[in-house]
Amino acid sequence: MSKIQSPSSFDPRNSKLRETKPSASLEAAQLARDLRAQGRRVISLATGEPDFPTPDHIKQACIDALAANHTGYPPVPGIPALREAICEKFRNDNNLNYAPNEVIVANGVKQIIFNALAASLEPAQEVLIPVPGWVSYSEMVRLNGGVPVELPTRYEDNFRLRPEDLEAAITDKTRWLLLNNPSNPTGTIMSEQDIRALAEVLERHPHVMVLSDDIYEHIRYGDVPYFTIAQVSDAMKERTLTANGVSKSWCMTGWRIGFAAGPAALIEAMRVYQGQTTGGVMHPGQYGAVAALNGPRDFMDSNLAEFQKRRDLGVKLINETDGLECHVPDGAFYLFVKCADLIGATTPAGNVISTDADLTRYFVEEAEVVCVPGAAFGMSPFFRISFACKSEVLEEALLQIRAAIGKLELKTKEA
Ligand SMILES: Cc1ncc(COP(=O)(O)O)c(C=O)c1O
């Protein structure tokens, strides 16, 4: 029997939580806030949220819902109007047909993913996560008693998951494959061909379900087409949960509204879990989301044009900085920057930069810029910057990083 601790040594965390890392991107954003509160002029390139406000027509729909007293407990899986709008979205954007009982609304894609895992994972089942991947996936799997299995990708392949690596990682215990397209942190977009190649592997392993996190679907540059794995075949659709939301593309991160479509039995399991934990999502916010999904999208074009300018500026500044390099991302609003040449360097204070976390700490101290180390995404030595900030701020931050790198004494390369 485990011994209950005395109050003086009380640690409220259970063994699962003791192993859980806090979200690195949220922690980095908090560090920037704390340093600012101390009077330091810190620039944060840590958080993944658009700096544009929610469009007015969406805000107005929420205000109207409040005025109409839609303030009671909402239905757990989402108000009917929103579930209908989600079905329409999947039909129009992705050529996927779902009935309202095959969709669910939750507090962000974050809660969708957590609930899907909570509702379906048995202890010690494995979840395959291509890395680099979003900071929360592995921790959510662990919190739900599963085992995260990282599938490394390569910088040289622009971080595309290779079908042979997927095949090699599947075991009898594999329950889920998590896909994220476009990817956070790399911005890579898998093509239809890439996705069909993965589906070919998955078709040989019908016990594996797929969770496709498509939250950055509409943040794509140029004319890069979009394809999601449930579109491959009815067989794939029957074991895929496609998650999406309004946070990023509709500039609604703080509204906490995400949704998913998938097999009715899984949606029902998620509804039961959600009904016993948080219940339905705040009522007026759901009316806002209806206006978002059914409303005009022209604001996205101007937001994207602005993001693209910042992306190009960021890529140029990074690749002109000694010791750093990055690809041009096709989607999302991040650069995943390779910094291998700076590992082993010595700071002016005489500290050796041994990891990407050491480097991002050095950037905070010397450049007053907060970034997220690649280790948080399962791949080192890299760091992630978000370019969802004004161009002037991005430029200032990257020039300060360049100046800080200029003060490092680089490790001489062995002959
Ligand atoms: C890949 C990915 N999935 C999900 C989320 C969370 O989305 P939401 O705001 O809908 O919870 C994020 C947010 O950063 C993300 O980057």
Side-chain angles (χ1 to χ4, degrees), residues 22-30 44-52 54 58 78 82 86 89 103-118 127 129-141 148 153 159 161 176-190 210-220 226 228 241-261 270 274 278 281-282 285-286 288-289 292-293 307 329-336 371-372 374 376-379 384-389:
S23 158
S25 45
L26 294 183
E27 294 277 298
Q30 189 56 46
S44 173
L45 301 182
T47 25
E49 62 180 341
D51 55 329
F52 309 116
T54 304
I58 301 175
L82 182 51
I86 292 165
K89 177 255 167 287
V103 304
I104 190 164
V105 181
N107 285 287
V109 168
K110 202 169 216 173
Q111 195 189 23
I112 289 282
I113 298 172
F114 189 92
N115 288 357
L117 297 171
V127 178
I129 304 171
V131 292
W134 185 42
V135 291
S136 295
Y137 293 142
S138 300
E139 302 307 319
M140 288 197 207
V141 170
T153 60
F159 306 105
L161 175 62
W176 287 97
L177 164 68
L178 293 191
L179 293 177
N180 177 212
N181 192 39
S183 153
N184 172 6
T186 65
T188 298
I189 299 185
M190 283 182 283
V210 184
L211 199 160
S212 187
D213 176 351
D214 296 357
I215 184 85
Y216 296 99
E217 172 183 6
H218 298 294
I219 304 191
R220 304 196 309 278
Y226 192 72
T228 191
L241 184 73
T242 306
N244 211 321
V246 289
S247 286
K248 314 284 180 176
S249 308
W250 280 269
C251 309
M252 294 172 71
T253 47
W255 292 60
R256 310 309 307 127
I257 298 179
F259 51 83
M270 290 165 68
Q274 190 165 314
T278 56
V281 172
M282 183 229 193
Q286 293 199 52
L293 293 183
F307 279 143
D330 284 327
F333 34 63
Y334 307 106
L335 303 180
F336 199 55
C371 314
V372 186
F377 304 93
M379 188 169 279
R384 187 196 78 174
I385 67 163
S386 159
F387 54 84
C389 60

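For ligands, and for the atoms within them, numbers begin at 1 and follow the listed sequence.
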TODO: Indicate yes or no: does an N/O atom of T253 lie under 3.5 Å from an N/O atom of ligand 1?
DONE: no

TODO: Indicate yes or no for a side-chain donor-acceptor contact from T253 to the backbone of S247 under 3.5 Å, with no hydrogens or angles considered.
DONE: no

Task: Identity and separation of the nearest protein heavy atom to atom 13 (C) of ligand 1 - done: K248 NZ, 2.9 Å

Task: Backbone or side-chain N or O of I215 under 3.5 Å from ligand 1 N or O - done: no

Open item on the list: Between S386 and A388 (side chain of the first, backbone of the second, donor and acceptor by atom type, cut-off under 3.5 Å), is there such a pair?
Closed with: yes

- [ ] Could you check atom 11 (O) of ligand 1 against the protein and tell me its nearest heavy-atom contact, residue, atom and distance included?
- [x] R256 NH2, 2.7 Å

Open item on the list: Students should be able to answer this: which protein heavy-atom is nearest to atom 2 (C) of ligand 1, and at what distance?
Closed with: D213 OD2, 3.4 Å

Task: Sidechain-backbone polar pair: R220 side chain, D330 backbone, donor-acceptor under 3.5 Å - done: no

- [ ] Would you check whether Y334 has a nitrogen or oxygen atom less than 3.5 angstrom from a nitrogen or oxygen atom of ligand 1?
- [x] no

Task: Any N or O of N107 closer than 3.5 Å to N or O of ligand 1 - done: no

Open item on the list: Could you check, using the six-membered ring where one of them is a Trp, whether Y216 and Y334 have ring centers closer than 6.0 angstrom?
Closed with: yes

Task: Any donor-acceptor pair under 3.5 Å from S44 side chain to A46 backbone - done: yes

Task: Under 3.5 Å: N/O of Y137 near N/O of ligand 1 - done: no

Open item on the list: Check the orientation of F333 and F307. Use parallel for under 30°, tilted for 30 to 60°, and perpendicular for over 60°.
Closed with: tilted

- [ ] Output yes when a side-chain donor or acceptor of Q274 lies under 3.5 Å from a complementary backbone atom of I112, and no otherwise.
- [x] no

TODO: Would you mind finding which of T47, I112, N244, V109 brings a heavy atom closest to atom 7 (O) of ligand 1?
DONE: V109

Open item on the list: Any atom of ligand 1 sitting under 4.0 Å from a heavy atom of G108?
Closed with: yes

TODO: Check ligand 1 against N180 and write out every atom of the ligand that is under 4.0 Å from a heavy-atom position of the residue.
DONE: 1 (C)

Task: Donor-acceptor contact present, side-chain Y226 to main-chain N181, <3.5 Å - done: yes

Open item on the list: Counting C-beta onward and ignoring hydrogens, is there a side-chain heavy-atom pair between T186 and P329 closer than 4.5 Å?
Closed with: no

TODO: Would you check whether G245 reaches within less than 4.0 Å of ligand 1, judged by its heavy atoms?
DONE: no

Open item on the list: Heavy atoms only, cut-off 4.0 Å: how does N184 contact ligand 1, side chain, backbone, both, or neither?
Closed with: side chain

TODO: Please state which part of Q111 comes within less than 4.0 Å of ligand 1, counting heavy atoms only: side chain, backbone, both or neither.
DONE: neither

Open item on the list: Are N180 and L178 packed together at the side-chain level, in the sense that at least one heavy-atom pair is separated by less than 4.5 angstrom?
Closed with: no

Open item on the list: Can you tell me which portion of E49 lies within the under-4.0 Å heavy-atom range of ligand 1? Options are side chain, backbone, both, or neither.
Closed with: neither

Task: Numbering as shown, the atoms of ligand 1 that approach S247 to under 4.0 Å (heavy-atom distance) - done: 8 (P), 9 (O), 10 (O)

Open item on the list: Check this for me - ligand 1, Y216, N or O atoms closer than 3.5 angstrom, yes or no?
Closed with: yes

Open item on the list: Less than 4.5 Å apart, side chain to side chain, heavy atoms only: is that true for I129 and S138?
Closed with: yes

